[in-house]
Visitor: 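One structure coming up, written as structure tokens, with questions to follow.
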Amino acid sequence: MKSTKLICCLMAIGLVSCTKPTKADEPIAKVGEIVLTTSQLITAIPQNASSEDSAIIADEFVRRWVTQQVVMQKAQLNLSEEELDIEEAIEEYRRALLVERYQQKVVDQKFKPSITDEEIAAYYNNAIDNFRLNETIMKGVFAVIPNDAPNIKSFRKSLSLDEDEKYAKVENYIYNFAKTSQLSLDKWTTFAAMKQFIPIELQPTEQQLMKQKQIEVSDKENTYFIIATDMKLADDYAPIDYVSDKVYSILLNKKKIDFIKELSANLYNEAMHNNSITYYK
């Protein structure tokens, strides 16, 4: 049974009478000859909802129910008998839903795909024209360093990043003094993400960074460093490590489709073997 608290909440918004005991079939709204009752409304409200939330949910439910009935009854008046005959459509949807739920259950239980790096590479190479970049990407370092930060000259000398020791110094300096930074030597990021914190009038172009590899610009407060260790321009082929997750998802979906096709074929063959299928001439 629903709590007294819920009934009181419905009373508070006028959906249940407070002048007589609440009945399970007490009407709340009516559209044409169709009536919404208290019992229908109560089942739509979570038991653990607060009085305030229950009132909001109840009010929205009633409004939605009334609107739906108005539209449905208008449809019944304006559609032909043929258009009103939806039983076949409902049954078709029911069959499709049952098949989909069964397939998903079997997939959850038995579909254990294995996708290798070799498969990813093969798919990538065969479909490489589908992996054009729509924006410039890069690997590297970006940092906003206050002009009064200590040892900024030493930091600048370390930015060649050609040795692990230099990178460790850069990483440590950025950690201690940078206002904003992004270190992305092993993972691709967009050029736009790297330069978004540089004032627009100081932002380098893609071609500048591609040519110079390391750019440093300053204003009154900060010096902005952007270093590209690798870079691919928009419309170039995306590197495989940039799209590997996408390729993995594509292959996973293809294997899932093949698994479902095989499942259907096996069920058909099993039914034929058991003489469960009969074709009539």
Side-chain angles (χ1 to χ4, degrees), residues 112-146 149 151-219 222-256:
K112 308 295 181 185
S114 175
I115 297 174
T116 65
D117 291 341
E118 289 75 16
E119 289 177 293
I120 291 174
Y123 184 90
Y124 170 83
N125 291 325
N126 288 332
I128 193 168
D129 286 336
N130 296 328
F131 297 110
R132 292 275 188 178
L133 291 167
N134 56 18
E135 61 180 329
T136 297
I137 61 173
M138 60 175 289
K139 293 180 180 180
V141 172
F142 168 74
V144 181
I145 308 295
N151 302 318
I152 197 167
K153 290 183 178 179
S154 176
F155 171 73
R156 187 179 287 114
K157 290 180 180 178
S158 303
L159 288 176
S160 59
L161 302 175
D162 54 356
E163 300 172 9
D164 290 342
E165 183 180 349
K166 287 184 177 180
Y167 179 75
K169 288 181 179 180
V170 167
E171 188 175 34
N172 184 63
Y173 188 90
I174 285 175
Y175 177 79
N176 285 290
F177 301 111
K179 287 184 177 179
T180 302
S181 65
Q182 185 169 349
L183 287 78
S184 187
L185 296 187
D186 299 324
K187 186 176 181 181
W188 293 97
T189 188
T190 64
F191 175 63
M194 280 285 198
K195 68 172 185 174
Q196 63 178 320
F197 297 104
I198 302 177
I200 294 177
E201 65 274 11
L202 298 177
Q203 288 182 0
T205 65
E206 299 167 353
Q207 289 71 22
Q208 285 175 321
L209 187 59
M210 176 69 81
K211 182 179 180 179
Q212 299 178 31
K213 301 301 181 184
Q214 179 175 324
I215 289 178
E216 175 186 334
V217 292
S218 300
D219 57 20
N222 306 301
T223 299
Y224 306 86
F225 296 90
I226 184 166
I227 303 97
T229 56
D230 201 355
M231 198 168 178
K232 297 288 184 182
L233 294 176
D235 204 41
D236 197 354
Y237 292 115
I240 189 169
D241 55 337
Y242 185 67
V243 295
S244 59
D245 288 346
K246 182 178 180 180
V247 174
Y248 180 91
S249 296
I250 292 171
L251 292 175
L252 184 66
N253 189 57
K254 287 172 65 70
K255 288 195 174 188
K256 180 179 176 181

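Bear in mind the structure is a predicted one, so any value in this text is a computation, not a measurement.
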Visitor: Before we go on, tell me: are the rings of F177 and F155 under 6.0 Å apart, centre to centre?
Guide: no
Visitor: How about I115 and I120: do any of their side-chain heavy atoms sit closer than 4.5 Å?
Guide: yes
Visitor: Mind checking whether E206 and M138 have side chains closer than 4.5 Å, heavy atoms only?
Guide: no
Visitor: Donor-acceptor pair, distance only, cut-off 3.5 Å: does the side chain of Q203 make one with the backbone of I198?
Guide: yes
Visitor: If I take atom OH from residue Y242 and atom OG1 from residue T189, how far apart are they, to the nearest 0.5 angstrom?
Guide: 7.5 Å
Visitor: Pick from T180, I215, V144: which one makes a side chain to side chain contact (heavy atoms under 4.5 Å, CB included) with Y224?
Guide: V144
Visitor: Can you name the closest pair of heavy atoms from K255 and P113 and give their distance?
Guide: CD-CB, 4.4 Å
Visitor: Is there a side-chain contact between P239 and I137 (heavy atoms, below 4.5 Å)?
Guide: yes
Visitor: Return the minimal non-hydrogen interatomic distance between A238 and V243, and the atom names on each side.
Guide: CB-CG1, 3.6 Å
Visitor: Give, for atom CZ of F142 and atom CD of Q196, the distance between the pair rounded to the nearest 0.5 Å.
Guide: 8.0 Å
Visitor: Checking K195 side chain against L202 main chain: does a donor-acceptor pair fall under 3.5 Å?
Guide: no
Visitor: State plainly whether the residues K254 and E119 are in salt-bridge range, i.e. N to O under 4.0 Å.
Guide: no
Visitor: Taking C-beta and beyond as the side chain, do F225 and R156 meet within less than 4.5 Å on heavy atoms?
Guide: yes
Visitor: For residues I240 and A121, report the shortest heavy-atom separation together with the two atoms involved.
Guide: CD1-CA, 3.6 Å
Visitor: In Å, rounded to the nearest 0.5 Å, how long is the span from CG of D241 to NZ of K139?
Guide: 4.5 Å
Visitor: Do V141 and I174 come within less than 4.5 Å of each other through their side chains, counting heavy atoms only?
Guide: yes
Visitor: Write down the atom of P204, the atom of I226, and the distance for their closest heavy-atom approach.
Guide: CG-CG2, 4.3 Å
Visitor: Tell me if a side-chain donor or acceptor on T136 pairs with a main-chain N or O of A234 at a distance below 3.5 Å.
Guide: yes
Visitor: What's the spacing between I152 CD1 and I145 CD1 if we round to 0.5 Å?
Guide: 6.0 Å
Visitor: For the residue pair K232 and W188, establish whether any side-chain heavy-atom pair is separated by less than 4.5 Å.
Guide: yes
Visitor: To the nearest 0.5 Å, tell me how far K169 NZ sits from N151 CG.
Guide: 11.0 Å
Visitor: Would you find a donor on one side and an acceptor on the other, under 3.5 Å apart, between the side chain of N172 and the backbone of A168?
Guide: no
Visitor: Heavy-atom count around N176 CG within 6.0 Å, excluding the residue itself: above 12?
Guide: yes
Visitor: Looking at every non-hydrogen atom in both residues, tell me the closest pair between S158 and S154 and how far apart they are.
Guide: OG-O, 3.1 Å
Visitor: So which heavy atom on D235 is nearest to which on R132, and how close?
Guide: O-NH1, 2.8 Å
Visitor: Let me confirm one number: the OG1-CG distance from T190 to N134, rounded to the nearest 0.5 Å.
Guide: 10.0 Å
Visitor: Other residues, nucleotides and ligands only: do more than 12 of their heavy atoms fall within 6.0 Å of NZ on K213?
Guide: yes
Visitor: Would you check if K246 and F131 make a side-chain contact, meaning some heavy-atom pair closer than 4.5 Å?
Guide: yes
